[in-house]
Amino acid sequence: MLVKLSSSALKQTHWYEYGVRFVLGGLATVFAGLVSARFGLAVGGLFLALPAIFCASATLIESHERRAKEKAGLSGRRRGQQAAALDAAGAGLGSIGLAAFAATFSALVAANETGAFAAAILVWAAVSVSAWWLRRKLRITSRTTLADR
């Protein structure tokens, strides 16, 4: 499955789907605030760093892909699951980048806040892209190896 940017996806999304994302994201943020009030800022920050709208996003991606295939007269179940799985993989790899961002910012913030922020963004981008590249490289290698057997 290729990763691509498509503005047509905005037209395919119904208004209530944006509402679902907004409400679930807001509830996740409120939950993080409650955890923070009870257990402290460090623990609450971990919950706030979770992808607040990931669950809603994954189900919406699955339903969009399934509907698109069904319009073509095909069962879109597998395609929808694959698209949601790809989104989950991207979220996981982005989380690795987020951890690198936090570590970099934490290490450099005492010296210079602006510089720490800029460096952390660069590290986040480099780690996230490298993780995606590595995942893709390993998948291609393992798929080739399995096919050769």
So, for [X] and [Y], which heavy atoms are closest and what is the spacing to 0.1 Å?
{"X": "Leu98", "Y": "Trp124", "value": "N-CD1, 3.5 Å"}
{"X": "Ala100", "Y": "Val127", "value": "CB-CG2, 3.7 Å"}
{"X": "Ser128", "Y": "Gly97", "value": "OG-CA, 3.4 Å"}

Original post:
With the 4.5 Å side-chain cut-off for hydrophobic clustering, are Phe105 and Ile121 part of the same group?
Top reply: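 Linked, Phe105 and Ile121 end up in one cluster.
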Original post:
Within 45 degrees of the axis of the six-membered ring of Trp133 and under 6.0 Å from its centre: does Arg136 put its NZ or CZ there?
Top reply: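 So Arg136 doesn't make the cation-pi contact.
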Atom pair [atom1]/[atom2] of [X] and [Y] - distance to nearest 0.5 Å:
{"X": "Leu108", "Y": "Thr114", "atom1": "CG", "atom2": "OG1", "value": "12.0 Å"}
{"X": "Leu122", "Y": "Thr104", "atom1": "CG", "atom2": "OG1", "value": "9.5 Å"}
{"X": "Ile96", "Y": "Trp132", "atom1": "CD1", "atom2": "CH2", "value": "11.5 Å"}

Original post:
Is Phe117 atom CZ crowded by more than 12 heavy atoms from other residues, nucleotides or ligands, each under 6.0 Å away?
Top reply: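 12 or below, so no.
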Original post:
With a 4.5 Å limit on heavy-atom distance, are the side chains of Phe101 and Val123 in contact?
Top reply: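 SC-SC contact between Phe101 and Val123 ruled out.
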